Amino acid sequence: MPEYVILNLPSANRVYAASSPALLRAELAAFGAGLSAEVSAIEEIELGGVGYVKFACAAPLGERDLALLSNLSSLYALFELGDGVLRPVAVHPLAKADSDLLTIQKYPGKTNEQFTKLLLNLTLLATARPADWPDRELHLLDPLCGRGTTLNQAVMYGFDATGLDVDERDFEAYEQFVKTWLRTKRVKHTAEAGQLRRNKVRLGRRLDIEYAFDKDDYKAGRIRRLSYLNADTLTADEVLRPASVDLIVTDAPYGVQHGSHRDTGLARSPRDLLAAAVPVWNRVLRPGGAMGISWNTHVLPREELVAILERAGLAVRTGGPYEELAHRVDQAIVRDLVVAGKPV
C-alpha cells in the first residue's frame, strides 16, 4: 500500500500554523470522498525533526487524484515514502492568477487565506459532483464578502464570483484594490460601477467586472465575471436569479461588524442574521450545489447552526473529519465550519 507525506505550507499566522496540521488531516480525510484511491491511516509524524502529515492509499495516486490533492489548502510539498526515502511528487495547484491576489491586502480582521481555501475546498467536496470541480465552470457567492478574500480565491480557481456586503467602506476598498491589481497585472478586463436598483428602489451600489487572463480568450468572449453588490445580504434573492449559483461560501460575523441593515426588527447577532439569511441564500443556490459557513462557536453553538441549515432543506455533512475542524483564532474566537449540500 503506497504511503505519502505532506509538508505543511508555512503560515505567517502563528496561531493558525499551530492548528494547520490537524486541519490538514481533516481536509485530507474529506478529500478522500472524491478520490479513486481510498485514503487511510492519516496521521502526523516527524522526520528529521520536521512535521509532516502521512497517509496511505489503496493504490498509487493517479493523475486525476493528484489534480485534486494538489489543491489542499496547506499543502506545500508532497512526497512518496518508501524504504525511508522521500521521493518528490509533482503537484500542480489550480491557480489562474498570481498568489499576490490573495496576499496583498492587509487589514484587521482579514480571514486567513489558507483557511478561506480550506472552507471553499470542503464546500466543493459537498456538492453533488465532488471529484470533477477543477474542470468545471462554477459560480460562487459570498453573501458576507467583506473585502473579498473568498472572491479572490474563487478567481484563483477560475470561477465566476459574486459578493454581497452592506459595508460601503469594504466595497470601496475592494473596488480600488481589484481595479489596481487588474491594471498592474495587465489583465484584459472591463469594469463598470453604478447604482444597484430593483423595481426602481435603490438597494446600494454595484461593481461588475468581466476579465480573462488570456488575451485570446478575452477576444473570443471566453470571460470570467466578478461582481460586488454593496447591498443587504437579505436581498440576495432579489438581486440574483433563483438557482443561479453553485457554491455559497462565507465567513460569518464573529461579532456585530457585518450583518443586515434591513428594517426587520432583527438583532444583528450572528444567530439572528444566519437564521434570517440562510433561507434567502438557499433560494439562489442550485440543486446539487453546496453551502459552507465558518463562524465563532462562542456566539453560536454548532447544533443551532446545523438546525438552521437543515430547516432550509440542506443536507449537512456530519461525523468524521467534519467534526474535527474547530480551532482557536484568539481568546474570543474559536472558529468552526459547516458544509451542507442542496439535494438534486
Side-chain angles (χ1 to χ4, degrees), residues 95-98 100-105 107 110 116 120 136-250 258 260-262 277 280-281 283-286:
K96 302 292 186 179
D98 294 340
D100 61 0
L101 175 62
L102 303 173
T103 58
I104 287 177
Q105 293 185 97
Y107 52 89
K110 180 183 179 182
T116 298
L120 175 51
R136 296 168 61 198
E137 294 183 354
L138 301 173
H139 183 187
L140 174 145
L141 167 66
D142 182 350
L144 298 165
C145 67
R147 298 195 185 183
T149 305
T150 305
L151 304 182
N152 293 340
Q153 181 59 58
V155 170
M156 291 291 288
Y157 275 173
F159 300 162
D160 288 338
T162 301
L164 274 86
D165 205 288
V166 76
D167 192 311
E168 290 189 8
R169 291 172 298 179
D170 283 346
F171 175 85
E172 291 167 356
Y174 188 71
E175 180 181 16
Q176 181 180 9
F177 163 73
V178 74
K179 285 181 174 179
T180 301
W181 187 88
L182 289 167
R183 286 196 301 268
T184 301
K185 298 293 181 178
R186 297 184 178 180
V187 176
K188 295 289 291 182
H189 70 282
T190 60
E192 296 184 1
Q195 301 297 313
L196 176 63
R197 296 180 182 275
R198 284 294 180 273
N199 300 320
K200 299 183 180 180
V201 176
R202 182 185 182 277
L203 300 178
R205 300 156 66 189
R206 68 181 305 143
L207 172 67
D208 296 304
I209 296 172
E210 295 184 346
Y211 68 94
F213 292 113
D214 182 270
K215 293 180 181 179
D216 291 335
D217 284 344
Y218 189 82
K219 290 179 181 177
R222 295 187 292 269
I223 56 171
R224 300 266 59 84
R225 293 177 173 85
L226 172 63
S227 296
Y228 192 133
L229 309 179
N230 176 212
D232 195 310
T233 192
L234 295 183
T235 66
D237 61 345
E238 299 174 37
V239 298
L240 297 171
R241 289 180 288 106
S244 60
V245 302
D246 303 285
L247 306 160
I248 296 176
V249 180
T250 199
H258 299 275
S260 168
H261 287 181
R262 179 170 270 194
V280 175
W281 300 343
R283 286 195 278 274
V284 303
L285 182 64
R286 289 190 178 110

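Quick caveat, the model's predicted, so the values are computed rather than measured.
Summarising the local packing, NZ of Lys179 is surrounded by more than 12 heavy atoms from other residues, nucleotides or ligands at distances under 6.0 Å. Crowding of Lys215 atom NZ: a count of heavy atoms from other residues, nucleotides or ligands under 6.0 Å not exceeding 12.
A side-chain hydrogen bond (donor to acceptor under 3.5 Å, both in side chains) check over residues 190-200, counting only residues at least two apart or in different chains, returns the pairs Gln195-Arg202.
The shortest non-hydrogen separation linking Gly158 to Arg224 is O-CD, 2.9 Å. Contact record, Trp281 with Ile248: O-CD1, 3.2 Å, taken as the closest heavy-atom pair. The two atoms that bring Leu234 and Ala277 nearest to each other are CD2-CA, 3.6 Å, heavy atoms only. Closest heavy-atom contact between Asp237 and Val284: CA-CG1, 3.7 Å. Arg286 and Ser244 get closest at one heavy-atom pair: NH2-O, 3.4 Å. Considering every non-hydrogen atom in both Asp165 and Cys145, the closest pair reads OD2-N, 3.4 Å.
In this structure, Leu151 CG and Leu140 CG are separated by 7.0 Å, a value rounded to the nearest 0.5 Å. With values rounded to the nearest 0.5 angstrom, Leu285 atom CG is found 9.0 Å from Leu141 atom CG. With rounding to the nearest 0.5 Å, the separation of OG1 in Thr162 from CG in Leu247 is 11.5 Å. Rounded to the nearest 0.5 angstrom, Asn230 CG and Leu207 CG are separated by 10.5 Å. Atom-to-atom distance recorded for Glu238:CD and Asp232:CG is 9.0 Å, nearest 0.5 angstrom. With values rounded to the nearest 0.5 angstrom, Lys96 atom NZ is found 9.5 Å from Phe213 atom CZ.
Without hydrogens or angle criteria, Asp208 side chain to Ser227 main chain gives no donor-acceptor distance under 3.5 Å. Side-chain atoms of His189 do not come within 3.5 Å of backbone N or O of Ile209 as any donor-acceptor pair. Thr233 places no side-chain N or O within 3.5 Å of a backbone atom of Leu144 that could act as its donor or acceptor partner.
The shortest distance between side-chain heavy atoms of Tyr157 and Leu120 falls below 4.5 Å. The shortest side-chain heavy-atom distance between Asn152 and Phe177 falls under the 4.5 Å cut-off. In this structure, Val187 and Tyr218 have side chains that are not in contact, with every pair of non-hydrogen atoms separated by 4.5 Å or more.
Scanning for side chain to side chain donor-acceptor pair (under 3.5 Å) contacts around Glu172 gives Arg205, with sequence neighbours left out. With sequence neighbours left out, Thr149 forms a side chain to side chain contact (heavy atoms under 4.5 Å, CB included) with Tyr107, Lys110, Thr116.
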Take Asp214 and Arg222, measure what salt bridge (charged side-chain N to carboxylate O under 4.0 Å, His left out) needs, and give me the verdict at the end.
CA-CA 9 Å; Asp214 182 270; Arg222 295 187 292 269; 5.5 Å; no
Apply side chain to side chain contact (heavy atoms under 4.5 Å, CB included) to Lys188 and Asp217, showing your working.
CA-CA 10 Å; Lys188 295 289 291 182; Asp217 284 344; over 6 Å; no
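The aromatic rings of Tyr174 and Tyr228 lie tilted to each other, with the angle between the two planes from 30° to 60°.
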